[in-house]
Amino acid sequence: MNLSSVILQNPFDLDATVSSGQFFRWRIQGEGYLIQHRENFFYVEHHNDILKYHTISGNMNDAEIRRFFGLDDNLDAIFQRWDSPFLQSVYRKYRGLRLIRQDPWECTVSFICSMASNIPRITRNIHTLAKRFGTVIQTPNGKIFRLPTPTQLARVSLANLYDTGVGFRAKYLYGLARNTPDFGSLQSMDYSEAKTVLLSVKGIGEKVADCILLFSLNHLGAFPVDTWIKKALQTWIFPGKTGSPAQLATEARNYFGENAGYAQQYLFHHARTTL
DNA sequence: CTCCAGGAGTATC
DNA sequence: GATACTCATGGA
């Protein structure tokens, strides 16, 4: 297996990046990870200032790797602008954790599956959807399955969606397949405009919309507030503050500014590993 | 058995 | 705009 190399000029923590709950299509393989992203299936491992990867299926190249792992985000500059001592300590702990730029459609399916669930189950649900309804790809490592495209998903009956074990989320996936946003246009819109479009889809609320914007559409100011982040904010950033998730999200966006999503991801990862 | 989970829609006030 | 109830399933 011949590995290509990307030289890292900024801090990177591959382990924290893939395991921080923003992306579900990965698994441990040897010293690194196997990753699925659209039609691509690749292996990646990290050693100091070098990221090595090998495309098993698809067409990943250095530029795609840089884009996917957010390697051009200047983390030190982003975090330097925040004066919260607690956030600084979290940054020192996970320095190099980056926001992945995953596929918007796959991200939407994933985070609709995520509501009122948990990471192991979300991962399992996504795999089941891919295995039953997605395109099979033969690779040297065996068969892998793409997530179904909107067209493929629209051919699946509501009963068959329920049968995958996604529960009440089945009806939202059913609707999403028939009312898929034009994700391409959302990247160039401003945050609130793009969010309004996402919120028009049944099953996409405040939190899921912010996840889609942050994890796949390069809107780094998005600040998804779930139960974990709510606890994290109330414990570490705004002690004792009450309010709805939407109110806390607005509060956090105002406090952290244009790259608020990065603060969110570090706080989420820290909350999930310590609380 | 009951309770709750990376929420969101709907009804009701 | 706030609150209560509901939605499926699975794990504790």
Side-chain angles (χ1 to χ4, degrees), chain A residues 16-26 90 94 97 99-100 102 104 106-129 131-132 156-181 195-217 219-220 222-237 241-253 260-275:
Chain A
T17 297
V18 298
S19 69
S20 62
Q22 55 179 312
F23 178 71
F24 304 94
R25 308 218 73 195
W26 60 273
V90 173
Y94 307 112
L97 164 55
L99 287 167
I100 288 176
Q102 58 186 281
E106 296 184 355
C107 188
T108 302
V109 171
S110 298
F111 282 93
I112 281 182
C113 289
S114 80
M115 55 200 232
S117 188
N118 55 75
I119 290 177
R121 184 182 175 194
I122 299 163
T123 305
R124 191 170 63 246
N125 286 157
I126 293 169
H127 180 256
T128 302
L129 289 169
K131 189 166 185 178
R132 294 199 187 174
V156 180
S157 71
L158 185 56
N160 284 342
L161 284 172
Y162 270 101
D163 193 48
T164 60
V166 295
F168 64 86
R169 304 155 196 88
K171 56 182 176 286
Y172 299 135
L173 293 175
Y174 186 86
L176 172 69
R178 288 159 179 75
N179 179 28
T180 308
K195 188 165 179 177
T196 299
V197 174
L198 291 173
L199 290 176
S200 71
V201 178
K202 298 287 185 196
I204 299 179
E206 291 282 337
K207 188 269 178 183
V208 171
D210 278 327
C211 285
I212 298 165
L213 292 165
L214 182 60
F215 301 142
S216 72
L217 292 168
H219 284 282
L220 301 189
F223 197 100
V225 174
D226 65 345
T227 54
W228 287 97
I229 283 294
K230 187 170 188 227
K231 272 187 285 188
L233 288 176
Q234 291 173 332
T235 304
W236 297 320
I237 307 298
K241 182 170 284 290
T242 57
S244 67
Q247 288 171 324
L248 286 170
T250 301
E251 196 87 19
R253 278 173 47 72
Y262 256 109
Q264 183 276 158
Q265 197 59 22
Y266 277 70
L267 290 172
F268 177 79
H269 188 54
H270 187 61
R272 208 166 65 85
T273 52
T274 63
L275 286 184

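Model, not experiment: these values are computed from the prediction.
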Q: Send over the distance from A/Leu173 CG to B/dA8 P, rounded to a whole Å.
A: 14 Å
Q: Could you tell me whether the side chain of A/Arg132 and the main chain of A/Asp163 form a donor-acceptor pair under 3.5 Å?
A: yes
Q. For the pair made of CG in A/Leu275 and P in B/dA5, what is the distance, rounded to whole Å?
A. 14 Å
Q. For DNA chain B, what string of dots and brackets results from 5' to 3' when Watson-Crick and G-U pairs need both distances under 3.5 Å, crossing pairs get [ ], and pairs with another strand get |?
A. .||||.|||||||
Q) Between A/Lys202 and A/Trp228, who's closer to the 5' end of DNA chain B by nearest nucleotide? A) A/Trp228
Q: Side-chain contact test, heavy atoms from C-beta onward, threshold under 4.5 Å: evaluate it for A/Ile229 versus A/Pro224 and give yes or no.
A: no
Q: Quick one: label A/Thr123 by what it contacts on the DNA or RNA (base, sugar-phosphate, nothing), any heavy atom closer than 4.0 Å.
A: nothing
Q | Aromatic ring pairing A/Phe168/A/Tyr172, orientation class (parallel under 30°, perpendicular over 60°, tilted between) | A | perpendicular
Q.
Between A/Tyr174 and A/Tyr162, does the ring pair (Phe, Tyr, Trp, His ring centres under 6.0 Å) criterion hold? Intermediate values first, please.
A. CA-CA 10 Å; A/Tyr174 186 86; A/Tyr162 270 101; 9.5 Å; no
Q) Which atom names give the shortest non-hydrogen contact between A/Pro104 and A/Ser216, and what distance separates them? A) CA-OG, 3.3 Å
Q) How close or far is atom C1' of B/dC4 from atom CZ of A/Arg121, stated in whole angstroms? A) 12 Å
Q: Check the distance between B/dA5's C1' and A/Phe111's CZ and give it to me in whole angstrom.
A: 15 Å
Q) Under 4.0 Å between a side-chain N/O of A/Lys171 and OP1 or OP2 of B/dG9, yes or no? A) no
Q. Do any N or O atoms from the side chain of A/Arg169 and from the backbone of A/Ala116 form a donor-acceptor pair under 3.5 angstrom?
A. yes
**Q.** A/Lys230 NZ - B/dA5 P separation (whole Å)
**A.** 11 Å
**Q.** Range on DNA chain C touched by chain A - first to last nucleotide, heavy-atom distance under 4.0 Å
**A.** C/dA2 to C/dG11
Q: Grab the CD1-C1' distance between A/Ile119 and B/dC4 for me, whole Å please.
A: 16 Å
Q.
If you assign each of A/Gln265 and A/Ile204 to its closest nucleotide in DNA chain B, which residue comes earlier from the 5' end?
A. A/Gln265
Q: Taking atom P in both B/dA11 and C/dA8, compute the distance separating them and give it to the nearest angstrom.
A: 16 Å
Q | Minimum-distance pair of heavy atoms, taken over all atoms of A/Thr164 and A/Leu161 | A | OG1-O, 2.6 Å
Q. If each of A/Tyr172 and A/Arg124 is mapped to the nucleotide of DNA chain C with the nearest heavy atom, which maps nearer the 5' terminus, i.e. the 5' end?
A. A/Tyr172
Q. Do A/Tyr94 and A/Ser20 meet the criterion of a side-chain donor-acceptor pair at a distance under 3.5 Å?
A. no
Q.
For the residue pair A/Arg25 and A/Phe23, would you count it as a cation-pi contact if the rule is NZ or CZ under 6.0 angstrom from the ring centre and within 45 degrees of the ring axis?
A. no
Q) Between the main-chain N or O of A/Ile100 and the side-chain N or O of A/Gln22, is there a donor-acceptor pair closer than 3.5 Å? A) yes
Q) For DNA chain B, what residues of residues 160-170 of chain A have any heavy atom nearer than 4.0 Å? A) A/Phe168
Q. Side chain of A/Gln234, backbone of A/Lys241: donor and acceptor closer than 3.5 Å?
A. yes
Q. Taking the six-membered ring for Trp, is the centroid-to-centroid distance between A/Phe223 and A/Phe268 below 6.0 Å?
A. no
Q: Send over the distance from A/Lys231 NZ to B/dG7 C1', rounded to a whole Å.
A: 15 Å
Q) With sugar-phosphate meaning primed atoms plus P, OP1 and OP2, does A/Val225 contact a base, only sugar-phosphate, or nothing at under 4.0 Å between heavy atoms? A) nothing
